Structures are given as structure tokens and as C-alpha cells.
Asks: 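Sharing a structure here in C-alpha cells format.
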Amino acid sequence: MKLLTEILEAVVLASSQIRPDIYLLSLEAPTISRDARPGQFVHIRCSHTYDPLLRRPLSIHDIGSKGELVLLFQAKGRGTAWLAGQQAGNRINVLGPVGQGFSIVANKKVAIVAGGLGVVPLLFLARKLLESDNEVNFFLGAQDCDKLLRLEALRRMEVNLFLATDDGSAGFKGTVTDLWKKHLRPGAFDWAYACGPQAEMAEFARLAERVALPAEVSLEERMACGIGLCRGCVTAVCDASGHKKYENVCSCGPVFNAAAVCWED
Amino acid sequence: MKLLTEILEAVVLASSQIRPDIYLLSLEAPTISRDARPGQFVHIRCSHTYDPLLRRPLSIHDIGSKGELVLLFQAKGRGTAWLAGQQAGNRINVLGPVGQGFSIVANKKVAIVAGGLGVVPLLFLARKLLESDNEVNFFLGAQDCDKLLRLEALRRMEVNLFLATDDGSAGFKGTVTDLWKKHLRPGAFDWAYACGPQAEMAEFARLAERVALPAEVSLEERMACGIGLCRGCVTAVCDASGHKKYENVCSCGPVFNAAAVCWED
Amino acid sequence: MERVQAVKGHQGSLEVEIAGITLQNPVMPAAGTFGFGEELAPFIDLNRLGAIVVKTLTLHPTPGNPPPRISETYSGLLNSIGLQNPGVEKFVQVKLPYLRQLKPPLIVNIAGRTISEYAELASRLSGEAGIKALEVNISCPNVKEGGIIFGTVPEMAAQVTAAVKKQTSLPVIVKLTPNVTDITEVAKAVVDAGADALALINTLRGMAIDLETRRPALGNIIGGLSGPAIKPVALYAVWRVARAVKVPIIGMGGIMTAHDVIEFMLAGATAVAVGTASLVNPRALIEIIEGLEDYVAAQGIDDVRELIGAVQI
Amino acid sequence: MERVQAVKGHQGSLEVEIAGITLQNPVMPAAGTFGFGEELAPFIDLNRLGAIVVKTLTLHPTPGNPPPRISETYSGLLNSIGLQNPGVEKFVQVKLPYLRQLKPPLIVNIAGRTISEYAELASRLSGEAGIKALEVNISCPNVKEGGIIFGTVPEMAAQVTAAVKKQTSLPVIVKLTPNVTDITEVAKAVVDAGADALALINTLRGMAIDLETRRPALGNIIGGLSGPAIKPVALYAVWRVARAVKVPIIGMGGIMTAHDVIEFMLAGATAVAVGTASLVNPRALIEIIEGLEDYVAAQGIDDVRELIGAVQI
Ligand SMILES: Cc1cc2nc3c(=O)[nH]c(=O)nc-3n(C[C@H](O)[C@H](O)[C@H](O)COP(=O)(O)OP(=O)(O)OC[C@H]3O[C@@H](n4cnc5c(N)ncnc54)[C@H](O)[C@@H]3O)c2cc1C
Ligand SMILES: Cc1cc2nc3c(=O)[nH]c(=O)nc-3n(C[C@H](O)[C@H](O)[C@H](O)COP(=O)(O)OP(=O)(O)OC[C@H]3O[C@@H](n4cnc5c(N)ncnc54)[C@H](O)[C@@H]3O)c2cc1C
Ligand SMILES: Cc1cc2nc3c(=O)[nH]c(=O)nc-3n(C[C@H](O)[C@H](O)[C@H](O)COP(=O)(O)O)c2cc1C
Ligand SMILES: Cc1cc2nc3c(=O)[nH]c(=O)nc-3n(C[C@H](O)[C@H](O)[C@H](O)COP(=O)(O)O)c2cc1C
Ligand code: FES
Ligand code: FES
């Protein structure tokens with residue numbers, strides 16, 4: 001994959017604030033759009049000076065109908081605040097696509113479990129899985145109905161959509177993993193994918209393992225380079241024999257086999 | 001003066017690039033415009049983060065007809081590059097007015113000697129000196145005719161304008177101090193003001209002293225606070241007895257009695 | 001960005017104590033970035049500060065170093081002021097009357113070229129009403145004699161401290177340099193010699209070169225680095241020293257916001273000083289105090305002292 | 001912004017020499033920010049570098065520290081990687097074949113927990129074709145055993161150096177820490193013990209606290225600070241050491257642009273290493289080399305070595 005990664009000055013095509021702290025950003029980044037696979041991310045400079053210094057990793061949320069690269073992010077700190085301030089016409093330094101994406105299976109029954117911002121890489125994944133003739137069951141959860149992101153976009157896609165909210169303001173009352181659990185009988189799915197809060201992904205992994213369901217998760221870790229130079233972004237993974245070692249989230253991930261991740265850390 | 005200094009978020013009214021590296025910037029900063037005196041400066045944050053960290057001092061170039069604060073600056077480094085990128089509508093953190101300005105005499109024959117960017121504080125000075133019924137002789141010099149700044153504006157003012165260029169492409173061929181020297185007979189002027197390259201101001205001071213002409217110069221020194229807290233911006237001045245000491249350019253200056261400055265440093 | 005919404009009604013105490021002196025809040029200026037107070041008075045209400053700390057005084061007037069004295073670095077500031085000050089006598093006559101009538105406790109920072117100069121300064125100032133503590137600067141990187149030399153050798157640091165203690169009944173705060181292999185050794189030495197509190201860190205030694213002239217950017221060749229750039233180094237020093245000694249610590253180095261203050265307190269500081277931030281924003285001290293008020297309110301903290309050393313390891 | 005217009009036709013030499021090794025230009029990666037080379041190959045032509053420097057190797061595979069290992073600071077980066085590496089054997093088998101076929105001289109960085117581990121590493125690597133020099137890391141702040149301990153005590157630094165020299169005929173570069181009271185003492189000690197060149201600086205000790213969790217931002221509690229924030233400290237160290245010893249110096253610490261390189265050379269560095277910059281911009285090394293080409297061309301410099309130590313005092 002690495003040879004496809006580029007650094008480019010992407011032009012902002014559009015930026016919109018879809019929630020008080022959530023932004024949808026379209027960029028013209030043709031090489032990235034062409035090569036991107038679901039689960040991969042882009043690594044973005046959020047300053048023209050040295051403060052903030054490091055790039056910020058953002059998952060590839062979608063590739064638009066005109067080939068635009070679509071990002072969905074929360075304005076959290078200094079870097080994303082800068083990004084939220086960028087307007088159409090500005091240029092942004094983007095490195096990507098980076099990382100190992102999700103496995104794209106074909107002709108299968110798949111479950112996608114998205115908690116909160118976890119929907120970001122999973123929308124693009126759903127699109128690609130539909131293209132490969134899978135039956136896509138999309139479980140979307142959030143704290144309340146206002147925080148269910150990209151509901152309209154998902155409704156326009158050919159997915160079976162299941163909703164969960166912590167406060168019951170939409171769909172099932174509880175976490176998205178609890179909702180998924182209710183649908184999880186042996187054989188119900190051939191493959192499962194998740195992204196979301198650490199605790200929910202751990203639960204997801206445990207549930208999938210119980211029914212021997214192949215499952216993948218997208219992890220987050222603080223990053224510097226994003227391309228495997230520094231070993232700053234590791235997570236503990238266990239090999240088959242339970243032997244623990246640190247692997248780069250940026251270059252070996254961010255998507256990992258759920259069964260391999262050491263969740264207790 | 002200090003009680004008049006304010007910190008405000010000034011709105012950019014207009015910004016224009018008048019030479020490849022020279023910008024004219026108008027700001028809405030009513031309190032500063034109201035209190036500003038020629039020779040004073042404003043101290044500007046040139047970042048929303050900590051890099052660049054320090055404010056940048058820029059002289060008050062003019063107060064426009066609608067009370068707008070007008071700055072004229074060269075895009076030199078990281079701070080002024082940021083400032084050059086600001087557009088109408090943006091807000092800029094400005095501290096000012098700061099420093100001791102020029103003495104505003106009345107009913108006198110005055111000489112103003114401006115080398116290169118030295119014109120910046122002197123245009124506003126000329127305006128105020130005209131208001132106090134002085135005869136203003138404005139000597140403007142630069143490397144070549146393209147670098148003579150604000151020529152049109154000066155021509156519209158009731159000053160006697162004398163031009164000098166190093167290459168002779170406009171006016172006198174030579175430095176502006178050489179040109180001024182030609183007009184400098186005892187009694188020709190009652191008062192003189194200068195701003196420009198260090199060497200030209202030293203020569204200006206020497207010439208003025210020879211004919212016992214009261215003379216003031218505006219100095220530049222690297223600054224941190226701009227308000228006398230840190231003693232970072234000192235220049236060496238000599239008292240009457242030749243005793244040398246360091247004085248703050250920001251709070252004791254930037255305008256100094258030309259005779260008091262220790263030029264050799 | 002850094003301001004947290006205040007929870008209505010809740011008002012946690014910001015009071016802390018340093019060497020027997022009660023501060024209404026833990027935020028004070030760092031020596032040398034506050035002039036002698038008057039310069040900031042047009043911008044902030046000095047009576048809201050936790051304490052007042054003035055520029056280092058020497059026995060005799062000190063002219064300071066040749067310019068340039070300032071060089072901006074990435075998120076940092078190099079300075080080589082060289083302790084320019086009017087000397088202790090002029091301070092007492094001209095500056096002290098103003099400072100004395102301010103409400104926050106006044107801390108006077110001193111530096112000598114010799115141990116006996118430190119002692120003389122301490123004895124001269126002890127007699128003056130209105131001074132609540134002495135801060136002993138053994139850490140200035142910008143002077144040739146004294147200054148940092150005393151701060152790098154534990155035995156000398158201890159000697160200076162003992163000599164000052166002997167001459168004064170005022171609480172003595174010793175200000176340490178980070179430019180040492182093990183700051184806890186110096187810290188322990190000065191505490192054993194009687195220091196009532198520690199202030200850290202002074203600036204890091206640094207240098208810059210002006211490419212146009214190919215000369216050092218500072219007239220003094222080398223200078224001291226301050227500002228956000230050094231915050232991680234300062235926080236580490238505070239954390240180390242807080243675990244090594246029992247006296248209270250005034251933490252400083254790159255504090256720009258209330259959040260930075262909380263980090264320093266969690267690391268073990270009882271109070272903090274704000275330096276470079278005031279040079280960038282004359283209102284920084286007050287904005288930081290307000291940020292702190294908002295933080296304790298929002299977090300429901302009754303007493304800011306809960307935060308001291310509370311980092312979870 | 002930093003690129004200078006090249007003067008047509010003029011082409012100054014960028015060649016420098018470190019410990020008998022000729023470098024086509026003075027710019028190399030800093031250990032630990034370059035992986036084992038392959039990771040950067042998609043972005044830059046590794047054959048254009050002055051030298052190749054790989055991540056510190058230890059005798060046995062080292063798992064490294066628990067995450068988080070990275071924390072951004074103002075213009076800086078705190079890391080606590082903890083020397084994660086596959087160990088010397090796996091390096092020789094898996095990584096060396098690729099590195100060997102690159103044109104720039106290969107410098108291998110090593111660290112031991114004991115002096116004899118350093119010696120063993122040196123002897124193990126000396127036999128391998130394609131290695132042109134060893135860089136001895138006695139300055140890592142992120143490991144409990146070895147690392148920085150050897151770098152802060154001049155006698156121990158000398159012992160490590162002597163032990164390595166004894167086991168190898170390769171040139172030995174010793175990498176120094178800035179976390180000492182007087183870096184020239186360590187520099188002189190290792191030069192006396194046979195070091196052929198010095199590399200400085202490694203990271204500054206630092207810390208950050210995550211306010212949300214009230215825990216240290218790094219799994220290892222403390223880390224090493226790098227990046228533009230530390231440049232003034234690094235430049236000062238290079239300047240001091242260059243005046244204290246006669247061996248060539250590889251300068252590093254916060255170099256982001258060709259202008260930074262020139263500052264380091266003026267301060268006394270013969271070559272430089274670029275670390276954090278590559279993490280921010282994978283093309284940084286090449287952009288810096290090109291910037292240097294432009295600079296010498298624009299300034300009409302025939303030989304970049306003219307710049308070494310040429311700061312005007
Ligand atoms: C592979 C990957 C993909 C991601 N995709 C998205 C996405 O599509 N949308 C989205 O909103 N967020 C995403 N995140 C999280 C996002 O990167 C952080 O929220 C962002 O970096 C915060 O930067 P800041 O400047 O706003 O915060 P600051 O607090 O200023 O950040 C300071 C430092 O911490 C790091 N950091 C802070 N929070 C996180 C975090 N949760 N994960 C990793 N590093 C962090 C920053 O990168 C920076 O180095 C992703 C993270 C990873 C690792
Ligand atoms: C009282 C005063 C009034 C000034 N008025 C004007 C004006 O009206 N128009 C104008 O174009 N310039 C003026 N200058 C110079 C202007 O402040 C500098 O050109 C500017 O600060 C450069 O910043 P930078 O970010 O572009 O350069 P950088 O190279 O990034 O600056 C780095 C540091 O050096 C300082 N610095 C760089 N050059 C100078 C300089 N010549 N004088 C003082 N500090 C410097 C900067 O403030 C900053 O701290 C004035 C300077 C002073 C002291
Ligand atoms: C311009 C300047 C002048 C300083 N002068 C003094 C001084 O006179 N005495 C002293 O003890 N420290 C002095 N310092 C150090 C500060 O008090 C403080 O320890 C250091 O700057 C770190 O804090 P900061 O990063 O908040 O500035 C000075 C710092 C600066 C920037
Ligand atoms: C992520 C990271 C990992 C590092 N790993 C090593 C290492 O393994 N060995 C070593 O000698 N130095 C290591 N260093 C230090 C760098 O080689 C260099 O000395 C330091 O970062 C200063 O340079 P910079 O500011 O250009 O990064 C590391 C630095 C960083 C940022
Ligand atoms: S972020 Fe550098 S290796 Fe992953
Ligand atoms: S810039 Fe601080 S005193 Fe002048």
C-alpha cells in the first residue's frame with residue numbers, strides 16, 4: 001500500500017458544521033480518493049507554523065460522487081479547531097491514504113457496529129461492502145438521537161439500519177453493542193466490523209469471539225509520523241500463542257483483527 | 001500615555017499589497033485611532049497559537065478619514081507573512097497605542113527625513129504637523145523610484161516634497177540625508193525628524209547637532225512586551241554628561257532625541 | 001478556548017499557602033516579566049494577584065547586557081537582559097512605596113555576585129516594611145558573575161541559602177535552574193540549608209544565530225529560553241522536586257493558561273508564576289486566575305489545594 | 001518560504017567528512033525517526049542523504065514502553081518509545097541487507113544496559129559489511145537501565161566509549177544528552193576515551209499531564225522532548241562543545257529547514273541530523289538538502305565547510 005501514499009496540498013471544496021462540534025469537510029485530493037480503502041486514514045497538517053506541530057489522523061469517511069475526499073471530524077482541540085476554520089479555496093497539507101484498511105469480503109452477511117464517531121470509517125466501508133454484494137447490517141449508536149451522525153446518508157444506502165441510543169431517544173435504549181448482541185446468533189453474520197469507544201469495541205470483540213465470528217476493529221492511538229517511522233502509536237496485540245507485542249497502529253493498523261488486540265491494556 | 005493603551009480585537013477593514021512585499025492594512029480600532037500620536041506604534045499578535053509567539057511592533061502609519069487605523073508594513077518573516085494573509089473581516093489582536101511619540105511643534109519650519117520604510121511613522125507626523133500650522137519639508141528617499149512609498153499620498157498633502165533615490169531614478173541621486181544636507185543651512189529649519197536605516201539616522205543626528213537643530217528619531221529594536229515589562233528592547237542613550245545607560249525603546253521611545261542616542265553601538 | 005463554563009453558585013477556594021504566607025490564589029508573576037508592577041497596572045488589577053514578584057535586585061545598579069536582548073524562537077523566547085535594575089537602594093526609595101500599598105504579599109527577588117552580596121541584600125531588605133518574602137535567584141543564565149554558578153553546585157546553593165537565612169527572618173524562597181544533571185540534588189541541598197520554599201524553573205540556556213549577520217542573535221551570545229517551548233521540561237522538574245522535598249514549590253515555565261496551572265499543581269506545585277505569557281498578553285495573569293476560578297467551579301472542587309501533587313501515577 | 005533562489009550555474013560543494021567518512025552532504029536522519037529506512041523510501045530518494053542512521057539497536061529484542069508514547073507539546077514532541085527494536089540479530093538478518101545496498105554510509109546506533117552489552121553490540125556489528133560507523137547512544141531518557149545514566153557521568157561515558165572502541169575498528173560517534181550541568185565535561189571525557197565524533201543533542205527530559213485523566217500523558221510517565229521547541233538549547237550545546245573538543249560534531253535538535261542547518265554549522269557542527277521534522281513531513285530530509293543547495297548557490301559559497309564554526313563572535 002505504501003507506494004500509493006502521497007503528500008499533497010488539497011484544496012478545500014466545502015466545509016460545513018453539521019453539529020455544534022462536528023464538521024464535514026470535502027477536499028480535492030484525486031490520488032487519495034482513487035487509492036483509498038475503507039479503514040485507511042489521512043494525516044493532516046493543522047497549521048502553517050510549528051504550533052500545532054504534528055499532523056492529525058482522520059479516517060476516510062467517504063469518497064463523494066465527484067471523487068472528492070470527505071472527512072467527518074469533531075473539533076476537539078487545537079488542531080481540529082484550526083481545521084474547522086478552513087474555508088473553501090484554502091489549501092491543506094494532506095498525507096494519505098495511510099494504514100491497513102478493513103477486509104472487503106464479498107457475498108456475505110456482514111454486521112457493522114458503529115459507536116458515536118465510530119461511524120466515520122464505517123460509512124465508506126458500508127458503501128464498498130455493498131458494491132461487493134454483501135448484505136450489510138449497520139448498527140449505529142450514540143448518546144442520544146442528536147448525536148446519531150450521518151443518519152440520512154445511511155438511510156439512502158441499501159443497508160439494514162439498526163439504531164441505539166443511551167437515553168432511548170431513538171431506537172434501542174442502550175449501547176450499540178447491546179443492540180447488536182440481541183441480533184447475534186451463531187450464523188447470523190459471516191463477518192463483523194466495529195469502530196467506537198474502546199469499551200464498546202472490547203465488548204464487540206468478546207461477543208464476536210464467543211460465536212467465532214471473524215471481526216475487525218479500527219483503533220485510535222496518538223500518532224506522530226503516521227507512516228511507521230517512529231513507533232509512537234503502538235497498541236498491544238497478542239499472537240495466537242498469547243504472546244504480547246507492540247504493533248504500530250498507523251502502519252499495521254488502524255484496522256486490526258479484533259481477536260488479536262489485547263483489550264485489557 | 002499608558003492609561004490610554006488598550007488591547008483589542010480589531011476588525012480588518014481592508015488589506016492591499018502595494019508592492020511585492022509591502023502591505024497597507026486598515027483596521028477598525030477606534031480607541032487607538034482616537035488616542036494615537038505620531039511616532040507611537042501598535043503591537044500585534046501574529047498568530048492564534050504560540051508560534052510565532054511574540055507580538056510584532058508596527059508604527060502607526062496614518063489615521064484614515066473614517067477614523068480607521070492604517071498600517072504599512074513589509075512582509076519580512078513569519079509574523080508579517082501571517083499578517084499579510086489576513087483579509088477584510090478577520091479579527092486581529094492589537095495592543096496600542098504604545099510608546100512616546102514625536103514632539104508636535106507649532107508654527108515652525110520643520111524637516112522630515114524618511115529613508116525607505118522610515119516613511120511609515122512620518123506620514124502621520126506630517127499630517128499632524130500641518131494641522132499645527134508648520135511648514136513641512138518632507139525628504140523622502142529609497143533605493144529606487146519603485147521603492148518610494150506613499151508618494152501619491154504625500155503629494156496630496158501640503159508638504160514641500162523632496163525626493164532622493166540611490167540610483168537616481170527619481171529626484172536627487174544619493175541618500176536622503178545627503179539630499180537633506182544640501183538644504184541644511186543654519187536657520188533653514190526649526191525642528192527635524194527622521195526615521196530610516198540606522199546609518200542614515202546616525203548621519204542625520206550628526207548633521208542636526210552641527211547646526212544645533214532640535215532633532216528626533218524613531219528607533220527600532222527587537223521587542224517582547226512592548227510596554228516596559230521586560231527590558232528586552234533597550235538602546236544605549238547618553239545623558240548630558242556623556243553617561244551611557246540603557247533605555248527601553250518601547251516605553252521611553254521609540255522616538256528619542258537624536259542627540260541622546262549613542263550611535264556607535 | 002481554554003475557558004470552562006462556570007457552574008453557577010459553586011465557588012471553590014483558591015487560597016494556598018507558601019512558607020507561612022497566605023495567597024488568595026496560586027498565581028503570581030515571574031520575576032523579570034512584570035517590571036516593578038506599575039507597568040502592568042493599566043492592564044490588570046494588581047490586587048487580584050496571588051502575590052507580587054519583582055525583577056531581580058542587585059546590591060548596586062546593574063546596567064544589563066548589550067542589545068539585542070530578545071530573540072524569538074519556536075513557541076519560545078530567548079532573553080539576555082542581564083538583570084538590569086536600579087539597585088536595592090533606589091528600589092527601596094522609588095519602587096517600594098508603590099508596591100507596599102498593594103494588597104498581595106510582596107516577594108522581592110535578589111541576586112548577588114558573591115555570597116556576601118546575597119547576605120547584604122537580605123539584611124538590607126529585611127528591615128523594610130511591606131516585604132513578605134525573599135526569592136533568591138541562583139539561576140540567572142545571563143550574568144557572568146554569580147547567578148547560575150550558585151545554582152548548579154549543590155554546596156554553593158546551600159551556602160547562599162544559609163547566608164541569606166542568617167540575615168533575615170523573612171521566609172526564603174530559592175529559585176532553581178533546570179540546567180543541571182539532577183535538580184533534586186540542588187533542591188535537597190537548599191532545603192537542608194533552610195529554604196522555606198522553592199521556585200522553579202528559571203530559563204534554559206540557549207542560543208540563536210542571525211543568518212543575515214552570521215552573529216549570535218543576542219548581544220550576550222547566549223541567553224535563557226522561556227515560554228511554552230519549555231513547559232514539558234519545567235513540569236518534569238516540578239514533579240521530580242516535589243517528590244524529593246517537603247517544602248512548597250512555586251512552579252513556572254511556559255504557563256500560558258489556567259490548564260497549564262492545573263498541570264503544574266497536579267505535578268506538585270503549590271503555586272505558580274507566569275512570565276512570558278504576560279509579555280505576549282498583558283492581561284494573561286488575570287485571565288489565568290479567572291480560568292482557574294472557572295475550572296474549580298466547573299469541576300466542583302472545594303479547595304484548589306486538592307490538586308497539589310494529585311497526578312495519578 | 002525558506003527556499004532561496006538558486007544562482008544559475010553556481011554549484012557549491014556540500015561534501016563534509018565525519019570521522020574519516022565522506023558524506024555527499026551534511027544532512028542525515030536522526031536515530032529513531034527514520035525507522036529502518038524502508039518506511040521513508042516511498043517518499044524520498046534515500047540515496048540523496050548524507051548518511052543513513054537507524055533506530056537504536058539493543059542486544060536483545062526490546063518491546064519498548066507502554067502506550068501512550070507520544071504527546072504533542074508547543075512546537076515540540078514528547079516521546080517515550082523506549083528503544084523498541086528487534087534486536088541486533090534480527091537487524092542483521094532482516095534489515096541490513098536492504099540498508100547495505102543504499103549508497104550513503106550507514107551509521108548504526110546502539111545502546112546497552114551494561115558496558116559489556118555496548119561492547120558486545122560493537123563487536124557483533126563490526127564484522128558486518130556495509131556498516132560505516134557506530135553511533136553510541138548514551139543519552140536515551142526513556143529506558144530504566146543504561147541509556148541516559150551513562151551519558152550524565154563523564155567517567156561512565158568514557159568507559160562506554162573505551163569499551164566500544166576496543167571492540168571495533170569502525171569510527172565511533174558518541175551521542176550526548178543535554179540533560180547535564182556541563183555537556184563539555186562529558187564531551188571531553190568521551191573524546192579522551194577515543195570517540196571519533198560526537199552527536200548532540202538527544203532529547204530533553206520532559207513530562208505532560210492529561211487533564212482529563214489526571215495521569216501523565218505518557219505511559220512511561222516521563223519522556224524526551226524534541227522538535228523546534230528545543231532548537232535554541234541544541235544550538236547552544238553544539239556551540240559549547242565545538243569550542244571544547246576537536247572532533248567533528250553532528251548537530252541536531254529541532255532542525256526543520258535548511259536555515260536551521262546553517263545555524264548549526266555556523267555554531268560548529270560539521271553535519272546535522274533531522275528527527276522530528278521527518279515525522280511531520282516525510283520529505284523534510286530532501287527538502288532540507290535542496291534548501292542547502294539553494295543557499296550555497298545563492299550565497300556563492302564554494303564549499304559548505306566554510307560555514308563550520310564560522311559564527312562571528
Ligand atoms: C487512525 C485514526 C483515525 C481517526 N479518525 C478520526 C475521524 O475521522 N474523525 C475524528 O473526529 N477523529 C478522528 N480521530 C481522532 C482525531 O485524530 C483526534 O481527535 C485529533 O487528533 C485531535 O486533535 P486536536 O488537535 O483537536 O486535539 P489536541 O488535544 O490539540 O491534540 C493533541 C494531540 O493529541 C492527539 N490526540 C488527541 N486526541 C486523540 C485521539 N482521540 N486519538 C488520537 N490522537 C489524539 C492529537 O493528534 C495531537 O497529537 C482519529 C484518530 C486516529 C488515530
Ligand atoms: C517601534 C517599531 C515600529 C516598527 N514599525 C514598522 C512598520 O511600521 N512597518 C514595518 O514594516 N516594520 C516596522 N517595524 C519592524 C517590524 O516590527 C519587523 O519587521 C517585524 O517585527 C518583523 O517580524 P517578522 O515576523 O516578519 O520577522 P521574523 O524574522 O519572523 O521576526 C522574528 C523576530 O524578530 C523581530 N524583528 C525582526 N525584524 C525586526 C526589526 N527590524 N525590528 C524589530 N524587531 C524585528 C520580530 O519582531 C520577531 O520578534 C517596526 C519596529 C519597531 C521596533
Ligand atoms: C525577559 C525575562 C526576564 C527575566 N528576568 C528574570 C529575573 O530578573 N530574575 C529571575 O529570577 N528570573 C527572570 N526570568 C525568568 C522568569 O522569572 C521565569 O523563571 C522563566 O521565564 C520561566 O517562566 P515563563 O516560561 O513563564 O517565562 C526572566 C525571564 C524573562 C523572559
Ligand atoms: C520518536 C523519537 C524516537 C527517537 N529514538 C531515538 C533512538 O532510538 N536513539 C537515539 O539515539 N535517539 C532517538 N531519538 C532522538 C533523536 O535522534 C534526536 O536526537 C532528537 O529527537 C533531537 O532531534 P529533533 O529535534 O530533530 O527530533 C528519538 C527521537 C524521537 C522524536
Ligand atoms: S505514528 Fe509513527 S510509527 Fe505510527
Ligand atoms: S519590549 Fe519589553 S521592555 Fe520594551
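Being a predicted model, the structure only gives us computed values, none of them experimental. Chain letters run A, B, ... following the sequence lines, proteins first and then strands; every chain starts at 1.
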Asks: Taking side-chain hydrogen bond (donor to acceptor under 3.5 Å, both in side chains) as the definition, give me every residue that meets it alongside A:Ser218, ordered by chain and number, with sequence neighbours left out.
Replies: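 So A:Ser218 forms no side-chain hydrogen bond (donor to acceptor under 3.5 Å, both in side chains) with any residue.
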Asks: If you define the side chain from C-beta out and look only at heavy atoms, does anything of A:Cys230 sit under 4.5 Å from D:Thr33?
Replies: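 The answer is no; the side chains never approach within 4.5 Å.
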Asks: Using a 4.5 Å cut-off on heavy atoms from C-beta on, say whether the side chain of A:Leu53 contacts that of D:Leu279.
Replies: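 Side chain of D:Leu279 against side chain of A:Leu53, heavy atoms only: no contact under 4.5 Å found.
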Asks: Is D:Pro68 close to chain A through its backbone or its side chain, or both, or neither, when contacts mean heavy atoms under 4.5 Å?
Replies: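 Contact with chain A: backbone and side chain both.
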Asks: Taking C-beta and beyond as the side chain, do D:Pro67 and A:Glu221 meet within less than 4.5 Å on heavy atoms?
Replies: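 Side-chain contact under 4.5 Å: yes.
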Asks: Determine the minimum heavy-atom distance between A:Ala224 and D:Ile70, stating which atoms define it.
Replies: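 For A:Ala224 and D:Ile70, the tightest heavy-atom pair comes out as CB-CD1, 3.8 Å.
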Asks: Salt bridge check, D:Glu39 against A:Arg231: does any charged N sit closer than 4.0 Å to a carboxylate O?
Replies: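 The answer is no: the pair does not qualify as a salt bridge.
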Asks: Hey, does the Lys NZ or Arg CZ of D:Arg69 hover above the aromatic six-ring of A:Tyr246, less than 6.0 Å from the centre and inside 45° of the axis?
Replies: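 Geometry flag: set, cation within 6.0 Å and 45°.
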Asks: When heavy-atom pairs shorter than 4.5 Å are enumerated against chain A, which of D:Ala217, D:Gly227, D:Gly76, D:Gly219 gives the highest number?
Replies: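 Highest number of heavy-atom pairs under 4.5 Å: D:Gly76.
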Asks: Do A:Thr5 and D:Pro42 touch side chain to side chain, with heavy atoms closer than 4.5 Å?
Replies: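 No - every pair of side-chain heavy atoms lies 4.5 Å or more apart.
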Asks: So do D:Val280 and A:Tyr50 actually touch side chain to side chain, heavy atoms under 4.5 Å?
Replies: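 In short, these two side chains do not touch, never coming nearer than 4.5 Å.
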Asks: Please lay out, stage by stage, how A:Ile227 and D:Leu40 fare under the test side-chain contact (heavy atoms from CB on, under 4.5 Å).
Replies: CA-CA 8 Å; A:Ile227 53 170; D:Leu40 263 190; 4.2 Å; yes
Asks: Restricting to non-hydrogen atoms, name the atom on A:Leu229 and the atom on D:Ser278 that form the minimum distance, rounded to 0.1 Å.
Replies: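 The answer is CD1-O, 3.8 Å.
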Asks: For chain A, find which of D:Ser75, D:Pro61, D:Gly35 contributes the most heavy-atom pairs closer than 4.5 angstrom.
Replies: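 Top option by heavy-atom pairs under 4.5 Å: D:Ser75.
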Asks: At a heavy-atom separation under 4.5 Å, does D:Ser71 approach chain A through its side chain, its backbone, both, or neither?
Replies: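 It is neither, since no heavy atom gets under 4.5 Å.
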Asks: Is D:Pro29 close to chain A through its backbone or its side chain, or both, or neither, when contacts mean heavy atoms under 4.5 Å?
Replies: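 Looking at D:Pro29, nothing touches chain A.
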Asks: Checking D:Glu72 against A:Arg55 for the salt bridge (Lys or Arg N to Asp or Glu O under 4.0 Å) test, could you report, in this order, the C-alpha distance in whole Å, the side-chain angles of both residues, the deciding distance, and whether it holds?
Replies: CA-CA 10 Å; D:Glu72 186 186 65; A:Arg55 291 174 184 270; over 6 Å; no
